Number of protein chains: 2
Amino acid sequence: MKQRTATIQDVARAAGVSTATVSRTLSKPSVVARATREAVLGAVEATGYRLNATASNLRRQRAGSVIALIPNLANPFFSQILAGISSVLTKAQLGLLVADTQSGPDPDERLAYYLRSGQADGLILLDGTLNEAVLDVAGRPPVLMACEWMGSDLPSLRVDNARGVDMAIAHLVQMGHRKIGHITGPQSNVLTKARHDGFVAAMMARGMALHEDWIFDGDFSMDSGRAAARQWLGLDDRPTAVFCASDEMAVGFMGAAQHAGVRVPDDVSIIGFDNIEMVGHLTPALTTIRQPRTEIGVRAAEMLLGMIEAGALTGPSEQIDVEFVIRESVARIAE
Amino acid sequence: MKQRTATIQDVARAAGVSTATVSRTLSKPSVVARATREAVLGAVEATGYRLNATASNLRRQRAGSVIALIPNLANPFFSQILAGISSVLTKAQLGLLVADTQSGPDPDERLAYYLRSGQADGLILLDGTLNEAVLDVAGRPPVLMACEWMGSDLPSLRVDNARGVDMAIAHLVQMGHRKIGHITGPQSNVLTKARHDGFVAAMMARGMALHEDWIFDGDFSMDSGRAAARQWLGLDDRPTAVFCASDEMAVGFMGAAQHAGVRVPDDVSIIGFDNIEMVGHLTPALTTIRQPRTEIGVRAAEMLLGMIEAGALTGPSEQIDVEFVIRESVARIAE
DNA sequence: ATGAAAGCGCTAACAT
DNA sequence: ATGTTAGCGCTTTCAT
């Protein structure tokens, strides 16, 4: 029984008013007379009318949705951020489109496509590896960076990475560690740079030695943490503590170390970054730097919404604070 | 420099043809003369024209996107499925809208809304708690269930839960376990029922006792696994093995047990369900039942696409096989 | 092979 | 307070 869905015309006819009145009743109820309003609402009910979003969007010259560009959808780190974004957009009657930048051949190309496609009223960029030059598109919608980004002055929401790293190193030093290693993120990533720079700065500030052998190349994944552990195991002079640029790498490192019979934290202390949910359930529970992911999503969406409503391509930037969560993966070292 | 983006009219003018020809050139290039086609393509290039998806969709009476309804976006379990869905939809030129069913007040209401909204050409349901009656909507788009669902004959993609559970119990029995407990998912969930029923059937089939005390109520979360562990610790007669309806609960259970000084698997064996990435990095690595998540997403999207293209509300159902992954969290018990 | 023209369903001036 | 009307940008008959 395929019955064509009712249009605004059907409602207007049923209520004995014009389509304009129906439209008004639905968008600005206060401007129509009470009796009319009730008639229209009754007709809406009777006909089962639903606004056709496509037509409405076309007429209003908007897309009705926001796109979140995520480096890798399969990475659970982003799911909570998405949830935060979603909650804000839903209230604002905007859809949330998600797209994976790294899944196709050319990530920059994906971004360029979405900027021109008119499919979105705004973009939230969660991928710090994209090329900034791509943003130079005439008539593009507002874009909010919800990640570190090469010295750009685009509106952005950043996390205070340097401070997070500094707290971690300070804690390790206070616990007596002098030999501290670092597992980095992937090369091209801005987060990698921010955390690595923070690491170097924090170490220098405390007059600590930086060993090249103690910097392990990772890519944020558990597997790369595991690989780093193997490297660490092969070292003659091992750092007594390792600061990982992501919790996932910390999990991989810890698992591999434990499987090799190394005790954590007795034989090696570990600190992660992110505070993904599971690390509190590990044995030992991981000491890490917490990023408030839901809040990041919420603020990012709110900031973008502000730009959309203002019709502006620029807007303020913000920084979100991190929190140092001390659990059980760092041991005190005898001085 | 805000320059209005070019419309099909601009292209037509620049190429000296009608808008119809431009439209044809772009959608069915084979029906226009070669010379015309080249002129049009040149004009597209020159004007920087991009198809306005909203207008196109309105005219073609479609939405241009698919909605994935997810119980909880913050749950990383779904991110990989989304990635699979996204990869298929992108190729088909369809957007992926995601919505959280459990975030609002009334999940069924959300579903009902999307069914009527016309915002999507199809829906993929990943939430097994929704009320089937809600689907009875005239003129709704095709829906694919990518989860267990009350005895419905809607097109669906299911995972062979019963078989997965049976393999798990068979393994435990073979390893000498006779006292086996189970941590369930949330009450209303169909997955919970499927796995619990599978558990009961597998136990009965092997003539094993079912203790009420050994069934722990969970909700798939790590915290509920932790709570189950505390309950387990308080038991006089403890099961020697616990089958968890989700990996997350297994993680929570294992962490809490270990923190209480219980050795895994020596003192208690644990099996999970899902094979989320991290469980291979735990100590001990978790034995579990693998669900191919990316593949689930891919197949679900492909099946839905089939229905959309056929303009059908019904279609075939499929079952995806699971795989039993033996790692280190089950010990052999002396008979 | 191409063009003319009629809308898809809606909203927002503008007029009353 | 309400109605009239003119499109938003596109696709698709139906002619030619």
Side-chain angles (χ1 to χ4, degrees), chain A residues 3-44 47-65 93 116-121 139 141 311, chain B residues 3-41 43-44 47-65 93 116-121 139 141:
Chain A
Q3 65 191 69
R4 198 176 57 88
T5 86
T7 74
I8 201 170
Q9 309 261 16
D10 301 323
V11 178
R13 203 171 307 124
V17 298
S18 74
T19 59
T21 299
V22 176
S23 180
R24 276 187 216 108
T25 308
L26 267 22
S27 54
K28 285 184 286 171
S30 57
V31 305
V32 302
R34 186 206 183 96
T36 320
R37 193 191 319 151
E38 281 164 3
V40 170
L41 263 22
V44 166
T47 55
Y49 170 74
R50 305 239 91 204
L51 174 67
N52 179 321
T54 309
S56 173
N57 288 335
L58 174 60
R59 176 59 231 240
R60 295 166 63 193
Q61 297 285 77
R62 48 165 245 165
S65 52
Q93 300 266 52
R116 289 162 214 262
S117 71
Q119 278 186 61
D121 298 314
Chain B
Q3 63 191 70
R4 199 177 56 88
T5 85
T7 75
I8 202 170
Q9 310 261 15
D10 301 322
V11 178
R13 202 171 308 123
V17 299
S18 74
T19 60
T21 300
V22 176
S23 180
R24 278 188 212 108
T25 307
L26 267 23
S27 55
K28 284 184 287 171
S30 59
V31 303
V32 301
R34 186 206 182 96
T36 320
R37 193 191 319 149
E38 281 165 5
V40 169
L41 262 23
V44 165
T47 55
Y49 170 74
R50 307 237 89 205
L51 174 67
N52 179 320
T54 310
S56 172
N57 288 334
L58 172 59
R59 178 56 231 243
R60 296 165 63 192
Q61 299 283 77
R62 48 165 246 165
S65 51
Q93 299 267 52
R116 288 162 215 261
S117 72
Q119 279 186 61
D121 298 312

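Labels below follow one simple rule: chain letters A, B, ... track the order of the sequence lines, proteins then strands, and each chain is numbered from 1. What you see is a predicted model; the values in this text were computed from it and never measured.
- Once rounded to the nearest 0.5 Å, the distance linking CZ of A/R116 with OG1 of B/T5 reads 11.5 Å.
- Annotation: the span from A/T54 atom OG1 to A/R59 atom CZ amounts to 15.5 Å, rounded to 0.5 Å.
- A/S30 OG to A/R37 CZ: the interatomic distance, rounded to the nearest 0.5 Å, is 7.5 Å.
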(request) Verify side chain to side chain contact (heavy atoms under 4.5 Å, CB included) between A/T7 and A/D10, making sure each step is shown before the conclusion. (result) CA-CA 5 Å; A/T7 74; A/D10 301 323; 3.6 Å; yes
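- A distance of 8.0 Å separates CZ of B/R60 from OG of B/S27, quoted to the nearest 0.5 Å.
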(message) Return a single string for nucleotides 1-8 of chain C, one symbol per nucleotide in 5' to 3' order, where B is base contact, S is sugar-phosphate-only contact and - is none, cutoff 4.0 angstrom on heavy atoms.
(response) SBBB-BBB
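- Atom C1' of nucleotide D/dT12 and atom NZ of B/K28 are separated by 9 Å, given to the nearest angstrom.
- Whole-Å rounding puts the A/L26 CG to C/dA12 P distance at 13 Å.
- Paired runs in DNA chain C that reach 3 or more consecutive Watson-Crick or G-U pairs, where each pair keeps both distances under 3.5 Å, cover C:1-16 with D:1-16.
- Atom pair A/R13:CZ and D/dG3:P shows a separation of 14 Å (rounding to whole Å applied).
- For A/R62 and C/dA12, the CZ to P distance is 10 Å, given to the nearest whole Å.
- Under the side-chain contact (heavy atoms from CB on, under 4.5 Å) rule, A/V17 has a single partner from A/V32, A/V22, A/T25, which is A/V22.
- Atoms CG and CD, from B/N57 and B/Q119 in turn, are 12.0 Å apart once rounded to the nearest 0.5 Å.
- Counting only distance, with no hydrogens or angles, the side chain of A/T21 and the backbone of A/A12 share no donor-acceptor pair below 3.5 Å.
- Backbone-only contact: B/R50 has heavy atoms under 4.0 Å from sugar-phosphate atoms and none from a base.
- For A/S23, no side-chain nitrogen or oxygen approaches OP1 or OP2 of C/dC10 to under 4.0 Å.
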